[in-house]
Amino acid sequence: MPELPEVETIRSDLDRHLRGKMIADFDVCDRRLLSIPQEARWKSIVPGRSIAGFRRRGKYLIADLSGGWRIIWHLRMTGQLVMGTPAPEARYRLRIQFDDAPALCFYDQRRFGEVWLLAADQGWPSRAPLGPDAVDELARDYFVRLVKQRTTRIQALLLDQRLIAGVGNIYAQEALFKASIRPNRPARRVTVQEANRLYDALSETLQTAIARRGSTSRNYRDAYGQAGMAQLIHQVYRKGGLPCPRCGTTLRQTRVGGRGTVFCPDCQR
DNA sequence: GTCGATGTTATCAA
DNA sequence: TTTGATAACATCGA
């Protein structure tokens, strides 16, 4: 589910409501998420700390706590972070409670999502370093250079978090359509002009999606539990077999690097 | 009932 | 370096 625009929407919602609040307590409903010893460690560190703010790096969401501690989430496919009291039948994985703010509940149907509690000097959850954030840090010349030097297919390049952080399968497809580039093109065969067009398309696609509070095609919800609006302007994502919005040719569904993708065989070369 | 696909990513073999 | 397969898991639709 959540790519950069979705995580950014959640981040800004949580930052608005929970910045400066003190964590009263938390509870865990899923041993797969936190083992008994991990929970004990959390219990000794987390309650009583206040939240300095929420940040985002790629698809990771970071809560900065007092004392330099950080709680970091990766929502993977179906993770949700929603403020408020969970419905009685709702199966949340982790709930963080505040005395003077709504509880923050982590839901995750497929249970791929992860959470970490790290001290200031404990580095980062993933071993492989993240590339520059697609919205906050991606320089045009770095992007064009990357495209020209990689042999992998252009869509796989966009999805590789070590190269660029935050782009997922929805926005990669949308940006490639906007830039009229076929997803399976070897990156280095993309011209400098096209790479520049793709840079603009990617940036515009992500910014627009943030303004529309993310894409809800299935599970995604913002921190209020509401759906996003960016799915209403998708041009190709999950639209295989429908006419191309630009030229009317039937959109084709295929696979690139193990991921499903849709493109217009006429507009995208 | 079965099969394949779904927004992610780490890991391993080739 | 890159690719493809696999594994985490639950649900939906054909």
Side-chain angles (χ1 to χ4, degrees), chain A residues 1-10 29-35 56-61 72-81 89-93 106-116 124-131 133-134 145-176 183-189 202 205-206 209-210 212-222 227-241 252-262:
Chain A
M1 108 203 222
E3 306 182 20
L4 186 155
E6 289 74 32
V7 180
E8 177 57 25
T9 302
I10 294 168
C29 291
D30 187 346
R31 284 293 146 225
R32 199 178 300 251
L33 186 67
L34 285 188
S35 63
R56 182 189 60 72
R57 281 184 66 192
K59 302 174 193 173
Y60 289 85
L61 179 70
I72 305 178
W73 281 269
H74 196 303
L75 275 26
R76 297 279 197 253
M77 298 282 267
T78 56
Q80 303 175 341
L81 279 166
E89 73 282 4
R91 292 212 305 269
Y92 60 89
R93 304 183 75 192
F106 178 36
Y107 303 94
D108 188 8
Q109 183 183 92
R110 288 175 71 177
R111 299 199 293 166
F112 291 168
E114 291 183 80
V115 64
W116 299 266
W124 189 250
S126 65
R127 175 158 273 287
L130 280 182
D133 185 87
R145 218 177 324 123
L146 198 59
V147 168
K148 292 309 292 180
Q149 74 192 18
R150 291 282 161 163
T151 60
T152 190
R153 299 161 194 246
I154 188 67
Q155 172 155 346
L157 182 152
L158 293 178
L159 293 176
D160 190 333
Q161 305 298 300
R162 297 166 302 182
L163 306 178
I164 301 168
V167 183
N169 206 18
I170 296 177
Y171 300 112
Q173 289 173 51
E174 293 296 321
L176 286 164
N184 64 0
R185 284 264 295 282
R188 63 175 164 193
R189 300 253 192 273
L202 183 62
T205 300
L206 295 172
I210 292 170
R212 291 184 161 254
R213 302 186 55 78
S215 300
T216 299
S217 81
R218 285 192 160 171
N219 290 270
Y220 167 70
R221 291 291 182 277
D222 65 22
M229 311 254 286
Q231 70 281 4
L232 301 175
I233 54 168
H234 289 167
Q235 306 283 289
V236 291
Y237 173 70
R238 284 188 138 218
K239 294 188 187 291
R252 192 175 297 168
Q253 164 99 36
T254 180
R255 291 188 89 74
V256 171
R259 311 294 302 277
T261 191
V262 175

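Chain letters run A, B, ... following the sequence lines, proteins first and then strands; every chain starts at 1. As the structure is a prediction and not an experimental result, all values here were calculated from the model.
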*Asks:* Hey, does the side chain of T151(A) come within less than 4.0 Å of dT1(C)'s phosphate (OP1/OP2), counting only N and O?
*Replies:* no
*Asks:* Rounded to whole Å, please give me the gap between CD in Q155(A) and P in dT3(C).
*Replies:* 12 Å
*Asks:* Give the rounded distance in Å between these two atoms: OH of Y107(A) and P of dT11(C).
*Replies:* 16 Å
*Asks:* Considering only dT6(B), dT2(C), dT9(B), which nucleotide approaches the side chain of M77(A) most closely?
*Replies:* dT6(B)
*Asks:* Contact class for G258(A) (heavy atom, under 4.0 Å): base, sugar-phosphate, or nothing?
*Replies:* nothing
*Asks:* Which whole number of Å gives the distance between the P atom of dT8(B) and that of dT1(C)?
*Replies:* 24 Å
*Asks:* Using atom CG of L163(A) as one end and atom P of dT1(C) as the other, report the distance to the nearest whole Å.
*Replies:* 10 Å
*Asks:* Rounding to a whole Å, what distance do you find between L130(A):CG and dT8(B):C1'?
*Replies:* 13 Å
*Asks:* Touch check for S217(A), heavy atoms < 4.0 angstrom, all strands: base, sugar-phosphate only, or nothing?
*Replies:* base
*Asks:* Determine, step by step, whether K59(A) and E3(A) satisfy the salt bridge (charged side-chain N to carboxylate O under 4.0 Å, His left out) criterion, reporting the C-alpha distance in whole Å, the side-chain angles of both residues, the deciding distance to 0.1 Å, and the verdict.
*Replies:* CA-CA 6 Å; K59(A) 302 174 193 173; E3(A) 306 182 20; 5.7 Å; no
*Asks:* Any side-chain N or O of R110(A) below 4.0 angstrom from OP1/OP2 of dT11(C)?
*Replies:* no
*Asks:* Using a 4.0 Å heavy-atom cut-off, does R127(A) contact any base of the nucleic acid, only the sugar-phosphate backbone, or nothing at all?
*Replies:* nothing
*Asks:* How many Å lie between CZ on R162(A) and C1' on dT9(B), as a whole number?
*Replies:* 10 Å
*Asks:* Does a side chain donor of either Q161(A) or Y60(A) reach within less than 3.5 Å of an acceptor in the other side chain?
*Replies:* no
*Asks:* For the pair made of CZ in F112(A) and C1' in dT8(B), what is the distance, rounded to whole Å?
*Replies:* 8 Å
*Asks:* Of the options dA10(C), dT8(B), dT2(C), whose atoms approach the side-chain atoms of T152(A) most closely?
*Replies:* dT2(C)
*Asks:* Pick the nucleotide of DNA chain B nearest each of E114(A) and Q253(A); which residue has the one closer to the 5' end?
*Replies:* Q253(A)
*Asks:* Is there a side-chain contact between V147(A) and I154(A), using heavy atoms and a 4.5 Å cut-off?
*Replies:* yes
*Asks:* Can a side-chain donor-acceptor contact be found between Q155(A) and N169(A) if the only test is distance below 3.5 angstrom?
*Replies:* yes
*Asks:* Is the phosphate of dT9(B), meaning OP1 or OP2, less than 4.0 Å from a side-chain N or O of H74(A)?
*Replies:* yes
*Asks:* Is Q161(A) near enough to dT9(B) that one of its side-chain N or O atoms lies under 4.0 angstrom from OP1 or OP2?
*Replies:* yes
*Asks:* Using a 4.0 Å heavy-atom cut-off across all strands, classify R255(A) as base, sugar-phosphate, or nothing.
*Replies:* sugar-phosphate
*Asks:* Between R111(A) and dA10(C), is there a side-chain N or O to OP1/OP2 distance below 4.0 Å?
*Replies:* yes
*Asks:* Return the nearest nucleotide to the side chain of Y60(A); candidates are dT11(C), dA10(B), dT8(B).
*Replies:* dA10(B)
